[in-house]
Amino acid sequence: MSTATPAPSRPPSLLDRLTRERDIARERLALRYARRTVTVPIYLASFLINTAAAPIFLVVALTGDLARGRGTIFVRCILALWAYLAVETFGLMLFLPLWLLGQGSEHRRLALHHWFARVWARWVFWSIVRLFEMRVDVEGDEEAAEGPVIVFCRHVSPVDNLLPLVFLEGRHGLWLRWVMNSWLVRDPCIDFVGHRLRSTFLTVGSREGSRQIAKVSALADDLEPREGVLVFPEGALFTPARLARAVARMRRSGDEEEAQLAEGLRHVLPPQLGGPLALLERAPHADVVFCAHTGLEGGSYRSLLAGGILRREVRIAFWRVPRAEVPEDIGGRTSWLHAQWRRVDHWIEENALSQD
């Protein structure tokens with residue numbers, strides 16, 4: 001028997017404490033405002049510092065690039081960070097006017113904040129595309145643009161959060177209700193706009209599973225013809241290690257059939273069924289849209305510095321499944337969802353191989 005003293009756990013940071021609420025929709029207003037008194041000054045100060053010190057940062061980054069001899073990836077990352085902080089600062093300046101202009105009309109308030117979400121997403125996405133010289137090819141977005149729809153999207157990079165906003169909401173005006181990770185409230189613009197639109201924040205790994213599923217399904221209430229619900233069924237960024245852990249976890253719990261289905265996947269995690277099935281039940285008239293994409297696999301924060309998305313081709317495909325083709329019973333819907341998710345995986349396999 002070991003007598004070693006376990007290492008003390010790392011104390012939570014201030015931002016951890018300010019975003020620790022299991023259910024962001026139920027958080028105390030005092031906690032929300034306390035968080036913003038930390039995040040807003042940090043972002044504004046970061047923008048000012050990066051702007052003032054840009055010549056120094058760029059010289060240092062260029063020196064590092066020349067020393068590595070692998071292009072100008074550090075310079076591109078510095079410019080991408082500045083572009084992101086710039087749109088955050090612009091957005092923070094707009095929130096008070098947007099709030100004032102939206103008073104007295106729920107529809108006008110939603111329209112103003114959806115406009116902001118589109119502008120913010122387009123700025124961030126196309127800044128990354130142009131700075132890293134990426135090519136973007138999209139198919140099927142016209143078919144997916146008309147609501148009401150439930151959108152299930154692959155999740156492999158923080159950048160792919162933007163794809164439905166840019167190509168469905170931005171191009172075609174589809175108003176999306178988002179299901180987002182509560183970690184994202186650390187971004188002030190997401191924090192503000194997410195709480196002003198019909199969206200919800202969830203905590204990954206929460207033990208309040210039934211409550212979180214109920215929050216997701218509630219997004220399907222009163223979906224209008226120009227609206228949709230955006231969900232990332234995997235619940236986390238795909239990595240091969242996460243996929244292996246998911247298969248092992250299924251086997252430990254005795255779900256051998258589910259484990260075999262998951263073992264057949266190569267590019268996606270098995271879908272978390274609770275939220276998607278609850279949405280299908282709550283919105284019986286909504287079609288289903290799937291979003292598959294490849295080219296952003298190197299888009300994690302760490303791999304950006306290694307040039308993971310430099311000059312990559314991003315291929316994005318949307319396809320729509322009419323509601324009449326979705327089975328009515330829970331077992332049939334489960335099998336159907338797994339089959340569609342394998343289709344996402346196969347599409348990625350074909351397009352990733354042809355790109356390479």
Side-chain angles (χ1 to χ4, degrees), residues 25 139-155 163-164 168-169 172 174-180 198-200 202 206 208-236 246-247 249-250 253-265 267-293 317-348:
E139 61 182 48
D141 56 300
E142 300 89 353
E143 297 179 8
E146 183 179 349
V149 291
I150 300 169
V151 183
F152 295 139
C153 185
R154 181 208 187 187
H155 200 22
L163 299 182
L168 297 185
E169 181 147 351
H172 304 288
L174 181 72
W175 285 10
L176 291 170
R177 305 175 184 182
W178 317 332
V179 179
M180 294 177 284
R198 295 168 178 169
S199 299
T200 192
L202 301 181
S206 171
E208 297 183 337
S210 59
R211 183 184 295 275
Q212 298 212 88
I213 290 172
K215 281 162 52 63
V216 173
S217 67
L219 295 179
D221 287 346
D222 304 318
L223 273 180
E224 297 182 3
R226 63 181 302 183
E227 291 186 316
V229 180
L230 169 61
V231 183
F232 294 86
E234 293 161 284
V247 173
R249 187 167 56 250
M250 291 173 181
S253 63
D255 297 331
E256 185 60 33
E257 184 178 353
E258 295 287 329
Q260 289 179 1
L261 288 173
E263 264 188 336
L265 301 174
H267 304 282
V268 294
L269 299 176
Q272 303 291 319
L273 297 175
L277 292 177
L279 282 170
L280 292 172
E281 180 70 24
R282 195 78 166 252
H285 304 298
D287 290 348
V288 184
V289 169
F290 290 88
C291 176
H293 57 84
F318 296 93
W319 63 83
R320 186 185 191 110
V321 180
R323 189 49 188 258
E325 298 180 12
V326 180
E328 292 293 331
D329 62 291
I330 188 71
R333 284 180 183 171
T334 301
S335 300
W336 171 83
L337 184 56
H338 278 300
Q340 289 292 328
W341 210 240
R342 288 195 298 273
R343 179 181 174 185
V344 171
D345 190 66
H346 293 158
W347 184 94
I348 297 166

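Keep in mind that this is a model prediction, so the values were computed, not measured. When reading the values below, keep in mind they use all heavy atoms of this one structure, side chains included, and skip hydrogens, waters and symmetry mates.
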- prompt: Is there any side chain to side chain donor-acceptor pair (under 3.5 Å) pair reaching into residues 323-334, and which pairs are they, with sequence neighbours excluded?
  reply: Glu281-Arg333
message: Does either side chain, that of Trp319 or that of Gln340, offer a donor lying less than 3.5 Å from an acceptor on the other one?
response: yes
message: On a heavy-atom basis, which atom in Ala144 and which in Leu168 lie closest, and how many Å separate them?
response: CB-CD2, 3.8 Å
task: Over all heavy atoms of both residues, which pair between Phe232 and Cys153 is shortest? Give the atoms and the distance, please.
output: CD2-O, 3.4 Å
- request: Could you tell me the separation between the CG atom of Asp141 and the CG atom of Leu174, rounded to the nearest 0.5 Å?
  value: 11.0 Å
- prompt: If you measure from CG on Leu273 to CG on Leu337, what distance do you get to the nearest 0.5 Å?
  reply: 6.0 Å
field: Taking every non-hydrogen atom, the tightest pair across Leu176 and Pro164
entry: CD1-O, 3.7 Å
message: Are the side chains of Leu261 and Pro270 in contact, using a 4.5 Å heavy-atom criterion?
response: no
Flag if over 12 foreign heavy atoms under 6.0 Å of CD, Glu256: yes
field: Point-to-point distance, once rounded to the nearest 0.5 Å, from CD1 of Ile348 to CG of Leu265
entry: 9.5 Å
message: Looking at Ser335 and Gly332, would you say the former's side chain and the latter's main chain have a donor-acceptor pair under 3.5 Å?
response: no
message: Are the side chains of Glu224 and Trp175 in contact, using a 4.5 Å heavy-atom criterion?
response: no
message: Can you tell me how far apart CD1 (Ile150) and CZ (Arg282) are? Round to the nearest 0.5 Å.
response: 11.5 Å
message: Tell me if a side-chain donor or acceptor on Asp345 pairs with a main-chain N or O of His267 at a distance below 3.5 Å.
response: yes
query: Where is the tightest heavy-atom contact between Arg320 and Pro148, given as atom of each residue plus distance?
result: NH2-O, 4.2 Å
query: In terms of heavy-atom contacts, does CD of Gln260 have more than 12 from other residues, nucleotides or ligands at under 6.0 Å?
result: yes
task: Mind checking the CZ-CD spacing from Arg249 to Glu258? Nearest 0.5 Å is all I need.
output: 12.0 Å
message: I'd like to know if the side chain of Arg154 reaches the main chain of His293, judged simply by a donor and an acceptor atom lying under 3.5 Å from each other, with no hydrogens or angles considered.
response: yes
- prompt: Which heavy-atom pair separates Leu219 from Arg177 by the least distance, and what is that distance?
  reply: O-NH1, 2.6 Å
message: With heavy-atom distances below 4.5 Å as the criterion, would you say the side chains of Trp336 and Val288 are in contact?
response: yes
message: Tell me the closest heavy-atom pair linking Ala292 and Val344, and the distance in Å.
response: CB-CG1, 3.9 Å
message: Tell me whether Gln212 contacts the main-chain N or O of Leu202 through its side chain, where contact means a donor paired with an acceptor under 3.5 Å.
response: no
query: Rounded to the nearest 0.5 Å, how far apart are CZ of Phe152 and CG of Leu280?
result: 5.0 Å
task: Report yes if some heavy atom in the side chain of Pro225 is under 4.5 Å from a heavy atom in the side chain of Glu146; otherwise report no.
output: no
